[in-house]
Asks: 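Below are the structure tokens for one structure; questions will follow.
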Amino acid sequence: MASVDIRQVRKAFGTFEVIHGIDVDIGDEEFVVLVGPSGCGKSTLLRMIAGLEPISGGEISIGGRVVNMVPPKERDIAMVFQNYALYPHMTVFDNMAFSLKLRHAERSVIEQRVRQAADILDLTKYLDRYPRQLSGGQRQRVAMGRAIVRDPQVFLFDEPLSNLDAKLRVQMRTEIKALHQRLRTTSIYVTHDQIEAMTMADKIVVMHDGHVEQVGSPLELYDRPVNLFVAGFIGSPAMNFFEGRLRRDGDRVWVEGKGDLLFPAPPGVRGNEGQSVVYGIRPGHLRLASDAEQGLPAEVEVVEPTGDNTLVFCRVGDAIACAATTERFPLRPAERLRLVPQVESGHVFDAATGMRL
Amino acid sequence: MFVDTKSQRRASARAAPARRFRLGESRGAMGLLFMLPAAAVLLLFLAYPLGLGVWLGMTDTRVGRAGQYIGFENYEMLWTDSVFWTSVFNTLLYTVAASIAKFALGLWLALLLNRHLPFKAFLRAIVLLPWIVPTALSAIAFWWIYDSQFSIISWSLTRLGLIEHNINFLGDPTWARASVIIANVWRGIPFVAITLLAGLQTIPPSLYEAATIDGATPWQRFRYVTFPMLTPIIAVVMTFSVLFTFTDFQLIYVLTRGGPLNATHLMATLSFQRAIPGGNLGEGAAIAVTMIPFLLSAILFSYFGLQRRRWQHGGND
Ligand SMILES: Nc1ncnc2c1ncn2[C@@H]1O[C@H](COP(=O)(O)OP(=O)(O)OP(=O)(O)O)[C@@H](O)[C@H]1O
Ligand SMILES: [Mg+2]
């Protein structure tokens with residue numbers, strides 16, 4: 001097990017730079033998730049850690065050793081691919097045993113290690129099957145088994161669950177997390193699914209266009225996103241945003257939106273009176289007002305009951321806002337109501353830079 | 001070819017009970033009906049000539065004179081005919097040597113072409129050239145290359161000071177055998193290379209990446225990933241390659257006509273020579289018929305080679 005240090009790492013394909021100097025520290029035994037929209041360079045960064053792509057600039061070290069020039073097999077890492085990359089002509093056993101065979105491990109050792117991994121992953125029954133004869137989830141487990149057998153310093157996962165159906169994905173998510181808690185191997189996990197990131201990570205690295213936007217624990221990112229991008233990316237359904245100007249009134253801070261809408265900002269927001277800002281509030285922090293209360297006037301557009309929650313999409317001013325409520329109001333489209341934001345859960349960002357105020 | 005006619009016979013035997021059902025209600029009968037046109041064409045153009053050939057082989061037909069049934073006399077004659085046995089030996093040597101060389105060189109070329117090369121598409125197109133030139137034409141080119149006086153090979157080697165006299169490529173039995181094999185290999189490589197290249201491209205790159213991380217050297221990646229995954233396509237290509245080589249005619253006929261001293265006579269060229277210029281249709285046909293067991297065994301071999309391996313069964317990707 002080892003820490004992984006990424007220092008000012010850059011990657012260019014030809015003259016086209018796709019990763020522009022990334023710094024991330026990954027501690028020993030940590031489960032770190034790299035998350036970001038498609039094309040932001042997550043896979044590229046992971047492949048540089050694995051040694052499948054040369055590093056154009058900066059340094060990557062694993063366990064304190066700079067590995068820029070170290071070939072993949074000597075980096076002591078294991079990787080799980082999105083399409084599993086199982087060898088189709090080998091049985092499950094041989095797939096898992098392959099790396100050990102290449103290292104000329106003893107037969108008894110191979111047998112024991114593979115059986116142990118199969119046991120952990122509940123694959124013992126399938127050791128004689130070929131990958132084609134397995135379901136998607138079982139293949140996924142074989143791919144993990146192949147990684148486990150090697151007992152590497154670091155696990156690398158590149159969107160390992162994206163080929164599975166929604167239900168299985170949730171199940172495998174839990175299994176991977178449980179596995180990490182058991183093995184405690186440093187893991188770097190790439191996904192574009194922020195729910196996967198939130199649920200699995202000790203630490204999330206949000207990437208965007210080859211830059212790191214924010215690094216932090218899931219709840220840090222959720223509660224205090226440093227900029228508009230992270231605020232919009234983390235959380236589902238996404239945060240509601242309203243443009244406006246900052247108003248100070250003694251201790252209280254407001255954001256004045258178009259059409260005289262007034263959004264209560266949490267105390268302690270920096271910024272000057274009249275500054276152009278974006279006010280953000282998560283759907284769960286917007287409440288439907290009771291009759292006597294003041295609130296933001298809104299008109300219901302769509303109601304989406306999900307069971308636990310009901311999502312109410314409303315027109316507020318010239319924007320659409322989503323409110324999530326656990327109560328079951330009989331709401332109809334075009335109905336008028338008022339929304340009450342939770343004051344301390346509001347976020348204010350500078351409209352020009354997108355940074356949190 | 002031979003397998004086709006066999007399966008037809010089997011199909012028509014099965015059809016008899018099926019007719020008792022109303023057409024359209026029985027999938028089998030409908031299937032047979034739809035198969036009939038194709039079966040008729042196959043019968044006419046494949047089974048009939050084949051049957052005629054077998055029949056001719058048991059007659060003493062000469063050009064211009066209908067023959068009589070003489071049983072296996074032609075075959076008895078061939079049994080003691082040393083020229084025939086030379087041609088059998090030549091054919092086997094030609095097929096085995098050329099097929100192995102085509103496979104090895106074709107695989108090597110396919111692996112090279114599968115890399116990231118500049119002008120990739122252009123290079124791949126170039127590789128196909130030997131294959132798209134008509135055989136007769138390329139044979140004539142080789143004829144010049146191997147010419148006893150004007151051979152460019154002899155000329156180059158003389159200039160380099162490696163030899164003193166021109167090599168008599170097509171005049172010396174051993175050289176002649178080697179020469180026709182090389183010409184055949186040159187012509188056959190593109191087919192093998194391009195088909196194997198197509199096979200190589202179906203292997204997902206992530207398998208190589210996984211193997212790299214698992215610690216495989218380039219040779220081990222070839223040995224444990226590329227080669228096993230390529231075996232199905234290798235079986236197909238090599239079956240065709242062996243069949244084409246075994247029945248080769250044009251190249252030999254243009255280059256050597258079977259000479260010198262029958263050293264390059266293949267069964268196909270000998271059969272033609274005895275039948276048409278020699279006028280002995282019955283004997284020529286008999287020689288052709290003796291190729292059948294060899295071809296059948298090649299087909300049987302590939303039949304087992306081509307069977308889907310267990311790892312290819314089931315699943316959908
Ligand atoms: N071999 C390559 N040559 C040129 N550009 C590449 C290459 N591989 C990736 N890129 C570019 O690098 C950028 C990052 O790609 P990368 O695969 O890392 O994205 P990603 O974050 O993994 O996206 P996804 O979620 O869709 O997998 C993209 O703009 C892509 O076009
Ligand atoms: Mg990716």
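Every value quoted in this text rests on a predicted model; they were computed, and no experiment measured them. Every chain is numbered from 1 and lettered A, B, ... according to where its sequence line falls, protein lines coming before strand lines.
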Asks: State whether the number of non-hydrogen atoms from other residues, nucleotides or ligands found under 6.0 Å of Phe222(B) atom CZ is greater than 12.
Replies: yes
Asks: Heavy-atom pairs under 4.5 Å with chain A: which of Pro205(B), Pro204(B), Gly215(B) has the most?
Replies: Gly215(B)
Asks: Could you please state which residues from residues 70-86 of chain A sit under 4.5 angstrom from chain B, measuring non-hydrogen atom to non-hydrogen atom, sorted by number, or 'none'?
Replies: Pro72(A), Lys73(A), Ile77(A), Ala78(A), Met79(A), Phe81(A), Asn83(A), Ala85(A), Leu86(A)
Asks: Considering the options Ile203(B), Leu207(B), Val225(B), which one meets the side chain to side chain contact (heavy atoms under 4.5 Å, CB included) requirement together with Pro88(A)?
Replies: Leu207(B)
Asks: Sort Arg103(A) into side chain, backbone, both or neither according to what part of it lies under 4.5 angstrom from a heavy atom of chain B.
Replies: neither
Asks: Does the side chain of Ser99(A) come within less than 4.5 Å of Ile213(B)'s, by heavy atoms?
Replies: no
Asks: Under 4.5 Å heavy-atom distance to chain A, tell me which part of Tyr224(B) shows up: side chain, backbone, both or neither.
Replies: both
Asks: Under 4.5 Å heavy-atom distance to chain B, tell me which part of Phe98(A) shows up: side chain, backbone, both or neither.
Replies: side chain
Asks: With the side chain counted from C-beta on, respond yes when Arg150(A) and Asp214(B) share a heavy-atom pair under 4.5 Å apart, and no when they do not.
Replies: yes
Asks: Starting at CE of Met90(A), measure out to CE of Met229(B) and round the result to the nearest 0.5 Å.
Replies: 10.0 Å
